[in-house]
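Heads up: the structure comes next, in structure tokens.
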Amino acid sequence: MSKFKDTDIQSLIGRVLRGGMIVSISIVFFGGIIFMYRHGHSIPDYKKFVRIPSFLQSPGSLVNAAFNFKGQAIIQLGIILLIATPILRVIFSTIGFVLEKDYLYVGISLLVLLIIFTSMMSGHAG
């Protein structure tokens with residue numbers, strides 16, 4: 001097995017970022033087309049509060065609604081993928097630092113992942 005170079009890891013990270021962006025934008029665009037096809041003719045009533053649909057409130061129902069071609073659910077999945085893309089970048093960077101045996105940056109990357117994870121689980125920002 002040949003040794004990874006820093007440029008190999010950076011190239012892989014760049015492809016992950018580009019691929020994640022392209023796929024997530026495509027999913028959001030596809031969901032937007034479906035949403036506009038089904039709801040583009042409706043006129044919103046701003047005097048009445050309409051809460052978030054129940055299928056957008058849990059991951060299982062979100063995926064199920066996306067497979068049933070609900071536009072809002074497909075858009076939401078695209079946005080989740082867009083958020084996950086930089087997180088994947090940090091994960092790949094951590095793997096690259098492990099392969100390079102740069103343990104200071106491994107620790108920093110793991111700290112960043114811990115902060116991201118606890119922020120996502122607690123619902124608090126920054």
Side-chain angles (χ1 to χ4, degrees):
M1 182 172 149
S2 65
K3 200 170 184 179
F4 275 106
K5 296 179 184 171
D6 187 40
T7 56
D8 297 335
I9 298 295
Q10 295 300 324
S11 176
L12 178 64
I13 290 170
R15 282 183 287 201
V16 167
L17 287 173
R18 273 190 298 278
M21 292 292 292
I22 290 169
V23 169
S24 64
I25 289 170
S26 301
I27 290 171
V28 169
F29 186 72
F30 177 69
I33 290 172
I34 291 174
F35 183 78
M36 291 302 291
Y37 177 75
R38 291 188 179 162
H39 303 286
H41 62 280
S42 62
I43 299 171
D45 182 14
Y46 292 114
K47 294 178 183 176
K48 186 174 109 177
F49 177 74
V50 180
R51 59 180 292 173
I52 297 173
S54 61
F55 61 84
L56 294 177
Q57 295 180 0
S58 71
S61 61
L62 178 69
V63 171
N64 188 27
F67 281 122
N68 289 325
F69 291 101
K70 291 193 183 266
Q72 287 176 307
I74 295 171
I75 292 169
Q76 187 74 22
L77 282 178
I79 292 171
I80 289 170
L81 181 60
L82 185 67
I83 293 169
T85 301
I87 297 170
L88 280 174
R89 183 203 187 282
V90 175
I91 292 170
F92 276 105
S93 295
T94 306
I95 293 169
F97 293 139
V98 167
L99 292 174
E100 292 176 356
K101 296 180 177 35
D102 195 348
Y103 298 114
L104 174 65
Y105 287 107
V106 170
I108 292 170
S109 297
L110 290 175
L111 179 65
V112 169
L113 285 173
L114 179 67
I115 291 169
I116 291 171
F117 181 73
T118 55
S119 295
M120 287 172 51
M121 292 298 115
S122 70
H124 293 90

I want to check something: taking the side chain as every heavy atom from C-beta on, are Phe97 and Phe92 in contact at a cut-off of under 4.5 Å?
no

Spacing of CG belonging to Leu110 relative to OG belonging to Ser93, to within rounding of 0.5 Å:
11.5 Å

Could you give the distance from CZ (Phe55) to CG (Asn64), rounded to the nearest 0.5 Å?
10.5 Å

Is the shortest side-chain heavy-atom distance between Tyr105 and Glu100 below 4.5 Å?
no

Where Ser24 and Gly78 come nearest, the two heavy atoms and their spacing
CB-O, 3.4 Å

So do Val28 and Leu82 actually touch side chain to side chain, heavy atoms under 4.5 Å?
no

Do the side chains of Val63 and Phe30 join up, straight or via other hydrophobic residues, at under 4.5 Å, putting them in one cluster?
no

Where is the tightest heavy-atom contact between Ala65 and Ala73, given as atom of each residue plus distance?
CB-CB, 3.6 Å

Side chain to side chain contact (heavy atoms under 4.5 Å, CB included) evaluation trace for Gln57 with Arg51
CA-CA 11 Å; Gln57 295 180 0; Arg51 59 180 292 173; 3.3 Å; yes

For a side chain to side chain contact (heavy atoms under 4.5 Å, CB included) check, start with the C-alpha distance between Leu62 and Ile80, then their side-chain angles and the critical distance, and finish with the verdict.
CA-CA 11 Å; Leu62 178 69; Ile80 289 170; 3.7 Å; yes

Taking a hydrophobic cluster as the set of Ile, Leu, Val, Met, Phe, Trp and Tyr residues connected by side-chain heavy atoms closer than 4.5 Å, whether directly or through intermediates, do Ile25 and Ile33 fall within one such cluster?
no

CG-CD1 distance between Leu77 and Ile27, expressed to the nearest 0.5 angstrom
7.0 Å

Going from CD1 on Ile83 to CD1 on Ile116, what distance comes out if it is rounded to the nearest 0.5 angstrom?
11.5 Å

Student check: side-chain heavy atoms of Lys70 and Gln76 closer than 4.5 Å
no

Check the hydrophobic clustering (I, L, V, M, F, W, Y; side-chain heavy atoms under 4.5 Å; chains of links allowed) and say if Leu56 and Phe35 are grouped together.
no

If hydrophobic clusters are built from ILVMFWY residues whose side chains come within less than 4.5 Å, do Leu12 and Val98 share one?
yes

More than 12 non-hydrogen atoms from neighbouring residues, nucleotides or ligands closer than 6.0 Å to CD1 on Ile52, yes or no?
no

In chain order, what residues pass the ring pair (Phe, Tyr, Trp, His ring centres under 6.0 Å) check against Phe117, with sequence neighbours excluded?
none

Any side-chain heavy-atom pair from Leu113 and Ser109 closer than 4.5 angstrom?
no

To the nearest 0.5 Å, tell me how far Ile79 CD1 sits from Ile74 CD1.
12.5 Å

Say whether Phe69 and Tyr37 are linked into one hydrophobic cluster, either directly or through other cluster members, by side-chain heavy-atom distances under 4.5 angstrom.
no

Counting C-beta onward and ignoring hydrogens, is there a side-chain heavy-atom pair between Val106 and Asp102 closer than 4.5 Å?
no

Rounded at 0.5 Å granularity, tell me how far CG in Leu81 sits from CD1 in Ile22.
11.5 Å

Tell me yes or no: between the side chains of Thr85 and Arg89, is some donor less than 3.5 Å from an acceptor?
no

